[in-house]
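Throughout, protein chains are lettered first and strands after them, A, B, ... in sequence-line order, and every chain is numbered starting at 1.
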2 protein chains.
Amino acid sequence: MTTLKELAKLLNVSISTVSKALSDSNDIGAKTKKRVKEAAELYNYKPNQMALGLKNNQTKTIGVIIPNILNHFFAKVLFGIEKAARQQSYDTIVCISHEKYANEVSSLEVLTNGRVDGFIMSLSAETLAKEHVNHIKTLKRADQPIVLFDRVTEKLDCDKIIIDDQHSMYEATKQLIENGRKNIAFVSNITNLEIGQLRLSGYQKALKESDISFDENKILKLTSIENPHQSMIKFLLSQKIDAIVSADNTSGIMMINAAKDLGFKVPKDIAVIGFGDKETSYLTYPQLSYIDQNPEEIGKTATEILIERIEDKNQKHKYRTIKLSTSLTLKATS
Amino acid sequence: MTTLKELAKLLNVSISTVSKALSDSNDIGAKTKKRVKEAAELYNYKPNQMALGLKNNQTKTIGVIIPNILNHFFAKVLFGIEKAARQQSYDTIVCISHEKYANEVSSLEVLTNGRVDGFIMSLSAETLAKEHVNHIKTLKRADQPIVLFDRVTEKLDCDKIIIDDQHSMYEATKQLIENGRKNIAFVSNITNLEIGQLRLSGYQKALKESDISFDENKILKLTSIENPHQSMIKFLLSQKIDAIVSADNTSGIMMINAAKDLGFKVPKDIAVIGFGDKETSYLTYPQLSYIDQNPEEIGKTATEILIERIEDKNQKHKYRTIKLSTSLTLKATS
DNA sequence: CTGTTAGCGCGTTCAG
DNA sequence: CTGAACGCGCTAACAG
């Protein structure tokens with residue numbers, strides 16, 4: 001690490017001369033500037049961010065706490081966050097809560113030391129279930145800006161980025177109904193989450209609107225990860241089903257495979273719509289029709305909102321809840 | 001942000017008294033300690049990491065630069081890194097190069113300012129293709145420790161964590177041969193990478209050893225992401241194939257789907273082994289047999305090696321190249 | 001036992 | 001045009 005001091009000694013000038021020369025201050029003569037700049041280049045001088053941060057009381061870093069990086073959705077949100085942050089010269093520190101409240105708390109504690117300028121979070125399942133929010137309220141008391149996305153809670157007053165979970169599933173279900181499907185199943189491995197419930201209600205709303213009676217048996221709740229295909233096969237064999245909506249981003253894929261294995265034609269015999277995106281749609285054949293949550297957009301928006309708050313602390317903006325739109329992409333001819 | 005100064009003023013003692021009391025120094029009397037600690041607790045005091053970092057010339061942060069977070073392999077390595085780093089009280093800053101050399105350079109530059117104590121990297125495809133390594137040599141000159149994983153290069157002398165790409169594919173292919181397969185295809189979307197070539201050579205080695213002649217037509221190179229299934233179907237129809245090995249972590253999945261769509265039984269008619277892990281194996285049915293690179297282990301090892309170097313700068317350890325073992329998991333009865 | 005001081009690296013006064 | 005001094009928050013060496 002080359003420092004201003006080293007450069008100064010080397011050039012036989014004072015530290016502040018070097019500093020000023022590098023920032024093109026009018027105080028410094030042209031040839032001194034040139035000399036300094038060349039030396040800086042040569043020795044690969046870079047201002048120490050710790051020192052800068054200490055001085056300016058800002059880190060140019062945002063903390064991201066997500067429940068699970070192996071979930072494609074969260075990975076893609078992170079993708080969007082990193083990209084947007086970098087564009088504004090912010091770094092991104094990642095913490096993974098592994099769906100545990102305790103990890104969320106400790107990550108928060110570790111980072112609340114002037115290490116980051118603000119947080120972007122999606123709450124862990126455990127935090128949501130227990131309705132614990134004090135760890136985050138503490139943040140807010142410390143005047144740390146925070147933006148929640150996807151896994152949000154009403155118990156917290158802050159900026160939030162969400163999608164219309166109910167509506168997106170409503171649309172998907174309606175699409176299938178219009179396509180002539182009568183026996184539409186609902187599959188989910190996130191029934192324990194509020195967003196899972198919202199998606200279920202969207203499905204129910206669409207059914208109701210078309211006077212299709214809701215049948216509890218057409219709901220498949222996946223819990224353990226073990227042997228999902230077996231439960232799916234049993235489920236498919238137990239009743240007449242001509243379409244499936246999936247509330248998460250893997251069970252739609254698995255359902256297509258289970259259905260095909262049983263000899264059903266997809267989408268002719270059974271049409272499937274799940275959450276996903278272009279890339280994951282390639283994981284099945286025929287490709288899965290999908291509701292795209294536009295995770296990159298979520299990440300981008302969260303980052304922009306956060307940085308706005310960071311850089312204009314005293315802004316009187318009321319906290320906003322931004323509902324981003326999803327898109328429904330139909331694959332294959334149904 | 002509560003500071004020592006604020007606490008000191010509040011308690012009518014000096015700053016250093018507070019500092020010492022909090023670190024349980026013998027200098028301080030029991031009751032003073034108690035008073036200080038209670039106040040610190042009350043005001044939620046946390047030492048400012050910027051200040052600490054400046055003083056100790058360390059950030060307790062590691063920089064991770066990976067080509068693509070949406071690739072399950074890299075996501076899982078990051079998972080391992082974050083976990084291991086946290087255990088040693090290090091934070092993780094993530095940068096994504098998007099397979100571009102320029103992004104790699106700029107990420108490196110941004111972070112080489114006393115922002116991180118060291119780097120864990122996997123090189124972008126472009127960097128590897130162009131054989132550019134000067135940006136990293138610059139790092140090393142600045143005495144920044146660095147650990148490379150997976151996408152490494154011989155042109156750099158540093159710690160490296162890799163798997164035995166050739167051997168893992170050799171084992172998989174041999175497994176299929178022993179299973180009686182005669183017409184084994186090789187599918188890959190990473191033929192442009194050195195690790196892709198190594199995996200190909202492992203396949204070839206296994207064939208040779210069993211006196212099966214290598215047939216160029218049995219190699220399917222995927223390039224664009226568009227319509228992979230179409231090329232696969234064409235490929236499968238063009239010749240007799242009874243087994244497939246995939247050199248990456250998606251084409252094996254796609255191949256199973258393509259094969260099943262053509263009416264082949266998997267694995268009876270066509271057996272498939274690809275790179276993957278337990279979770280991704282559930283994305284197909286029957287489940288994909290997979291070579292697990294143990295990405296979490298890779299991340300963990302890389303982190304431990306890096307932190308070792310960071311905390312013992314002058315260590316005379318020669319740079320190590322650690323070859324981690326993979327595991328082959330066979331699914332379904334072949 | 002407690003307080004004062006110096007210095008980590010930086011930018012920004014303010015004097016010269 | 002240049003340099004000395006200060007302070008961000010912290011710890012450690014040194015005085016009292």
Contact pattern, 5' to 3', of nucleotides 9-16 of chain C - B, S or - by protein heavy atom under 4.0 Å: BBBBBB--
Salt-bridge criterion met for B:Glu38 and B:Lys34 (N-O under 4.0 Å):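 Here B:Glu38 pairs with B:Lys34 in a salt bridge, since their nearest N and O are under 4.0 Å apart.
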Length of the line joining [X]:[atom1] and [N]:[atom2], which is rounded to integer Å:
X: A:Asn26; N: D:dC1; atom1: CG; atom2: C1'; value: 11 Å
X: B:Lys9; N: D:dC10; atom1: NZ; atom2: C1'; value: 17 Å
X: B:Asn12; N: C:dT2; atom1: CG; atom2: C1'; value: 13 Å

Residue pairs passing the side chain to side chain donor-acceptor pair (under 3.5 Å) test where at least one lies in residues 146-157 of chain B, sequence neighbours excluded: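 For residues 146-157 of chain B: B:Glu99-B:Arg151.
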Quick one: ring pair (Phe, Tyr, Trp, His ring centres under 6.0 Å) pairs with a partner in residues 32-85 of chain A, sequence neighbours left out?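 Sorted pair list: A:Phe79-B:His98.
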Short side-chain N/O contact from [X] to OP1 or OP2 of [N], under 4.0 Å:
X: A:Thr32; N: D:dT2; answer: yes
X: A:Ser14; N: D:dA4; answer: no
X: A:Thr17; N: D:dT2; answer: no

Pairs in or reaching into residues 50-62 of chain B: which pass salt bridge (Lys or Arg N to Asp or Glu O under 4.0 Å), with residues at least two apart or in two chains?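 Residue pairs with at least one partner in residues 50-62 of chain B: B:Lys60-B:Glu311.
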A:Thr32: partners by side-chain contact (heavy atoms from CB on, under 4.5 Å), with sequence neighbours left out: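 Scan of A:Thr32 (side-chain contact (heavy atoms from CB on, under 4.5 Å), adjacent residues dropped) gives A:Thr17, A:Ile28, A:Val36.
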Show which side-chain atoms of residues 128-136 of chain A pair as donor or acceptor with protein atoms under 3.5 Å away, not counting sequence neighbours.
unit_1, atom_1, unit_2, atom_2, d
A:Lys130, NZ, A:Glu126, OE2, 2.8
A:His135, NE2, A:Glu104, OE1, 2.9

